[in-house]
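Scroll down for the structure; my scribbles are underneath it.
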Amino acid sequence: MNTFSKYRLQRQIGMVLTYAGIAVALIFFLFPFVWILTTSLKGNEDYFTFPPVWIPTEPSLAHYYRLFTHGNGWLYFKNSLAISSLSMLAALLFSVPTAYSIARFRFGGSLFSNFLLLLRTMPAIALVIPIYVLYSKLGITNNYFGLILLYTVFYIPFAVWLMIGFIRDVPQEIEEAALIDGCSRLQALLRVVLPIIVPGLAVVALFAFITTWNEFLFAVILTGAETKTMMVLVASYTTGSPTDTFYGEASASVVLGIVPAFFVAFALQRYLVKGLALGAVKG
Amino acid sequence: MLKKKLSSRREAYFFASPALFLIVAFVIFPLIYSFYLTFQNYDLAIGPPSEFVGLENYEEMLDDRRFWRSWLNTFIIIFPSITLQLLLGLGIALLLNRIPRGKAFITSLLIIPAMVSPASAAMVWRMLFGVKYGGINNALMQVGLMDVYFDWFANPVRAILAIVMVEMWHNTSFMMIVLLAGLQSIPPDLYEAGEVDGASTWQKFWYITLPLLKFTMIVALLIRMIDLTKIFGLIYLLTFGGPAGSTQTVAFSTYLTGFQDFRISYASALSYVIVVGVFILTLIFQKVSRFREGEEA
């Protein structure tokens with residue numbers, strides 16, 4: 001009895017410590033988000049007071065408004081949305097048939113899948129130098145199309161990799177039945193396989209979207225005044241004097257830049273291990 | 001039979017060719033072109049024409065202190081970062097593995113930092129570290145731990161520490177989520193067997209958890225090493241390589257060479273060294289994950 005209650009006490013203390021540890025981790029990982037959000041909602045007068053204001057006295061969206069009306073915030077936000085969405089669609093369009101070819105015909109064998117792995121880990125800096133030179137010669141730096149194409153290609157290895165698994169999960173018999181009924185391979189892919197792998201497509205699409213949204217190196221080199229993305233806007237606040245409006249707009253731009261990440265973290269819960277391990281997200 | 005095989009082969013190419021075409025046009029061709037550039041003296045600041053200079057760019061690298069420093073800086077950032085990420089990530093994964101409810105929700109909350117871009121993560125912390133009005137200085141002043149506004153990036157050691165800390169905040173949850181998946185795949189009966197044999201919590205951790213988690217840890221560490229070799233956005237926004245070049249990593253100093261000094265050829269040569277470094281890490285990664293698959297099967 002005595003050892004039993006001692007054991008129970010130990011267990012309870014253990015659980016309390018466990019929850020305490022998790023609470024500390026949550027604070028460490030989430031406090032910066034809370035801080036940047038409250039900073040973006042503060043009025044200018046709150047920045048320069050001591051003791052510091054942690055919770056804005058009169059929260060307002062003034063900095064967001066200013067960012068959208070005075071600065072180019074709205075344009076760059078739209079750019080990021082457009083570039084990310086179009087690259088996402090294009091990446092799906094090109095990687096579904098490739099993944100199908102690998103899953104069903106073992107296209108290229110293990111050599112090709114190793115090749116895809118190498119492409120996936122390819123340092124972006126090595127690619128951006130020749131791309132910059134070539135794009136300059138073609139006159140397509142500062143051009144949406146050039147950037148979208150590049151993102152599409154850079155994302156294909158990852159998308160194919162992830163998609164192969166989804167396609168392999170589709171029972172081959174269903175397709176064979178369609179083929180016997182007179183479908184071509186392409187029709188079988190479009191009418192039979194595609195509808196089944198829609199959830200998989202959504203996963204790949206969301207990863208593609210957030211990866212492109214987050215990308216910085218290509219964006220900072222290949223965009224100009226009109227084609228900048230949100231990440232380049234965020235980076236632009238590293239120079240300049242930290243005045244009050246500067247502080248407000250900088251934090252507002254960061255908040256807008258991280259909103260998609262929140263959605264994706266919850267939407268993709270089940271696929272995060274696989275996706276992150278395969279190198280999604282990181283730009 | 002043969003006819004069928006041939007047609008399926010044609011179909012395989014048919015389905016794969018659009019993506020292959022793009023990869024050749026936008027990855028393979030540019031890489032070959034930049035390899036060609038490494039033997040030229042293409043310099044945008046001077047302008048064309050460029051000419052063939054043989055191995056001059058590679059020879060220059062041998063005596064280039066900035067080049068060697070950049071690799072040293074990268075290693076100095078990589079090792080403490082991955083060590084801290086592994087320890088903290090393992091710690092949190094072990095805690096999460098103990099709780100009965102809410103695991104998925106808490107994991108989603110903890111993973112958010114890993115989903116934001118390096119640029120955003122760096123900017124949040126740049127503002128938190130801000131000399132005046134930064135959250136950290138403000139908090140320390142308020143509780144009286146500090147009486148002057150402190151410049152966290154003023155000297156090389158502190159700048160590197162700041163980068164390691166931000167990197168830890170940014171990517172520990174990647175380690176955590178991978179290790180948590182690893183922990184959950186350990187069969188519970190192993191622990192039950194251990195308990196029957198009278199193993200303590202510590203012994204169970206040391207003799208069951210760690211050995212079974214070993215490969216997961218190595219794979220996760222290699223992924224982080226590959227990513228950190230390419231670290232760029234975090235540096236760009238947090239320190240821009242300063243103070244005095246002490247946080248110029250390989251990718252960042254290549255960027256400066258190419259897009260600030262406009263020495264395209266030399267930057268291409270520098271970037272090829274990064275390609276080789278990442279290539280080696282990728283090969284190791286591949287060997288290890290193959291081996292793991294073989295062992296699990």
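Chain letters run A, B, ... following the sequence lines, proteins first, then strands; residues in each count from 1.
Side chain of B:Gln286 to backbone of B:Ser289: no donor-acceptor contact under 3.5 angstrom is found. In this structure, the side chain of B:Gln85 engages the main chain of B:Glu167 through a donor-acceptor pair within 3.5 Å. No side-chain donor-acceptor contact under 3.5 Å links B:Gln184 to the backbone of B:Ala181.
Interface summary for chain B: among A:Pro260, A:Ser136, A:Ala235, A:Ser253, the most heavy-atom pairs under 4.5 angstrom belong to A:Ala235. Per-residue counts of heavy-atom pairs under 4.5 Å with chain B were compared for A:Leu150, A:Val133, A:Val232, A:Val264; the largest is that of A:Val133. Ranking A:Leu186, A:Leu189, A:Val255 against chain B, the residue ahead of the rest is A:Leu186, based on heavy-atom pairs under 4.5 Å. Contact tally against chain B (heavy-atom pairs below 4.5 Å) for A:Gly14, A:Ser251, A:Pro157, A:Pro123: the top residue is A:Pro123. When A:Val24, A:Leu119, A:Leu127 are compared by the number of non-hydrogen pairs under 4.5 Å with chain B, A:Leu127 comes out ahead. Heavy-atom pairs under 4.5 Å with chain B peak, among A:Ile258, A:Thr39, A:Leu134, at A:Leu134.
For a residue to count as touching a neighbouring chain, one of its non-hydrogen atoms must lie under 4.5 Å from one of that chain's; by this rule A:Tyr135 touches chain B with the side chain only. At a 4.5 Å heavy-atom cutoff, the contact between A:Ile221 and chain B is made by side-chain atoms alone. Residue A:Ile36 touches chain B through its side chain alone, counting heavy-atom pairs closer than 4.5 Å. Contact annotation for B:Tyr36: neither backbone nor side-chain heavy atoms come within less than 4.5 Å of a heavy atom of chain A. For chain B, the nearby parts of A:Ile22 are the backbone and the side chain; heavy atoms of each come within less than 4.5 Å. Using a 4.5 Å cut-off between heavy atoms, A:Phe154 makes no contact with chain B at all.
Residues B:Phe129 and B:Met165 are in side-chain contact: their nearest non-hydrogen atoms beyond the backbone lie under 4.5 Å apart.
A:Ser80 pairs by the side chain to side chain contact (heavy atoms under 4.5 Å, CB included) definition with A:Trp213, A:Thr229, A:Met230, not counting sequence neighbours.
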Using atom types as modelled, flag every donor-acceptor pair under 3.5 Å from a side chain in residues 91-104 of chain A to any protein atom, sequence neighbours excluded.
| residue | atom | partner | partner atom | Å |
| --- | --- | --- | --- | --- |
| A:Ser95 | OG | A:Ala91 | O | 2.3 |
| A:Thr98 | OG1 | A:Phe94 | O | 2.9 |
| A:Tyr100 | OH | A:Glu175 | OE2 | 2.4 |
| A:Tyr100 | OH | A:Arg185 | NH1 | 3.1 |
| A:Ser101 | OG | B:Ala12 | O | 2.7 |
| A:Arg104 | NE | A:Glu175 | OE1 | 2.6 |
| A:Arg104 | NH2 | A:Val170 | O | 2.9 |
| A:Arg104 | NH2 | A:Glu175 | OE1 | 2.8 |

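In the model, B:Ser117 has a side-chain atom that pairs as donor or acceptor with a side-chain atom of B:Ser120 under 3.5 Å.
Counting all heavy atoms, side chain and backbone alike, B:Ser265 lies closest to B:Asn57 at CB-ND2, 3.8 Å.
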